[in-house]
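Written out below as structure tokens is the structure these notes cover.
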2 protein chains.
Amino acid sequence: MSDADQRSYHHGDLRQALLDRAAEVIQSRGIEALTLRGLARDLKVSHGAPNRHFSCKADLLTAIATEGYSQLMRATLSAANDVGNDPWVRLNAMGQGFVHWALNNTAQFNTTMHPDLSLYESAELKQATEAFRLTIKEAVAATQELGNHSEEDLETLNLFTISVPMGAAMLLTQKDGLATHVKRDKLVADLIELVVPIRERTS
Amino acid sequence: MSDADQRSYHHGDLRQALLDRAAEVIQSRGIEALTLRGLARDLKVSHGAPNRHFSCKADLLTAIATEGYSQLMRATLSAANDVGNDPWVRLNAMGQGFVHWALNNTAQFNTTMHPDLSLYESAELKQATEAFRLTIKEAVAATQELGNHSEEDLETLNLFTISVPMGAAMLLTQKDGLATHVKRDKLVADLIELVVPIRERTS
DNA sequence: AATCAATGTAGACAGCGACTACATTGATCG
DNA sequence: CGATCAATGTAGTCGCTGTCTACATTGATT
């Protein structure tokens, strides 16, 4: 469908094209500067066409965030599956996978973190968010049964475990932040090691 | 000046009134719904009056964030000064103070986390941000000298230490259920204890 | 008392969100 | 096969917003 972008009266896959272009605009000019009419111009469709897929800007942002959570969950699960069955090693990989996904998809990540989203109360987004959090929570619980802060309340341990990759991704994706660090992979690995230590286990 | 809001041709302190009202609007209707003209209506001034203080919406958001970082630094330093001189205990208190400030000032906190801010490249905001981060970094360094992950790179340890309150505040301000949690103080204390443990030291 | 910089007002214009009525098309089904 | 129809795109409109300009008011300075 990617080469049917220009030809016919109908676009082919305008919805996805809008989501993709929106990510580019957010990256370069920010969420505030994102406009439905601007996207329509960029994709050479009429100014009303985007409304067939997103009734308003809030709808568009919600959809980007929903897609973002979906991608983020896939990325973290994929990272876990790459490292075997040890719950500790898996949770560590998920944390690293989180940060790497955020750094590789800053526009989507920033949109998922947009504070307005909770006001829109989208059922779709809520479901994607909860699915992701549940995935993390199960992984945290699995390590706790193996002795990861076994005395701690799971709720607290879970909050702690998610906060590190999330907070770090926030800081690292900000342009002037610590993003210019030389060895990103090492920094992320060292960081997550402080939350879910595995080096003694894998050595 | 707070009672000169209505009378004269000149407002008295329109700038601060705009900042205060903006925080209310952000809280109730979100950053996207915030408009300069809307603020002007709320404060019964002409639609162009806000431009004398904030040339555009980006300027306003930047100012809110700058004020936010300033308040956040005061809050964390104040929390540290309340607990004495032990660097561990101080850093722990700063972490808790961070989260509590964020939960008590969700509009300002969310604005400081707005991903667009880094694109605006405000020197004023950058200075406030750096001042805050330096404060934290010094506190982290002080604990490292006393054995807090002394083998770790300070950059990594600092990222870890900031990420927890930042990420937790992000999560807790969205999930409105936990923000008003009865045992909020305990949750925050337990959380920060996982980053900067002090209970063995103070018992 | 005159002056002036700061601050507020009024008007104008283009761009945007959001709605409506209308047009085109590919898929479905008799 | 050809008619039908839901999905999707177009064109027009309206009120609101950002942003600029010219003008008005006022408190402070001298």
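Values below: all heavy atoms of this structure, side chains included; hydrogens, waters and symmetry mates excluded. Throughout, protein chains are lettered first and strands after them, A, B, ... in sequence-line order, and every chain is numbered starting at 1.
- Residue side chain B:Arg37 reaches the base of D:dT19 through a donor-acceptor N/O pair under 3.5 Å, judged by distance alone.
- Sequence order on DNA chain D of the closest nucleotides to B:Arg52 and B:Lys57 puts B:Lys57 first from the 5' end.
- Taking only side-chain nitrogens and oxygens, B:Ser46 never comes nearer than 4.0 Å to OP1 or OP2 of C:dA10.
- Atom C1' of nucleotide C:dC19 and atom CG of A:Asp59 are separated by 15 Å, given to the nearest angstrom.
- With a 4.5 Å cut-off on side-chain heavy atoms, A:Leu194 and A:Val164 do not count as touching.
- For the pair A:Asp13 CG and D:dT8 P, the computed distance is 10 Å after rounding to whole Å.
- Atom CG in B:Leu39 sits about 12 Å away from atom C1' in D:dT17, given to the nearest Å.
- At a threshold of 4.0 Å, the pair A:Asp86-A:Arg90 does not count as salt-bridged, since none of the basic side-chain nitrogens sits closer than that to a carboxylate oxygen.
- Both B:Gly48 and A:Ala58 sit near DNA chain C, but only B:Gly48 has its closest nucleotide nearer the 5' end.
- Separating the CG atom of B:Leu36 from the P atom of D:dT17 is a distance of 10 Å, rounded to the nearest angstrom.
- We find that CZ of B:Arg29 is positioned 13 Å from C1' of D:dT17, with the value rounded to whole Å.
- Formation of a donor-acceptor pair under 3.5 Å by the B:Glu124 side chain with backbone atoms of B:Ala63 is not found in this model.
- To the nearest angstrom, P of C:dC16 lies 19 Å from CG of B:Leu34.
- B:Phe132 and B:Tyr69 have tilted rings, their planes meeting at an angle from 30° to 60° on a 0 to 90° scale.
- The residue A:Arg41 sits close only to the backbone: its heavy atoms come under 4.0 Å of sugar-phosphate atoms, none of a base.
- Residue A:His53 is in sugar-phosphate contact alone, with no base atom involved, counting any heavy-atom pair closer than 4.0 Å across all strands shown.
- A:Leu60 places its CG atom 10 Å from the P atom of C:dG17, with the value rounded to the nearest Å.
- In this structure, B:Lys44 places its NZ atom 17 Å from C1' of C:dT9, rounding to the nearest Å.
- Taking the side chain of B:His47 as heavy atoms from C-beta on, and the options C:dG11, D:dT10, D:dT17, the nearest nucleotide is C:dG11.
- Rounding to the nearest 0.5 Å places NZ of A:Lys57 at 9.5 Å from CG of A:Asp116.
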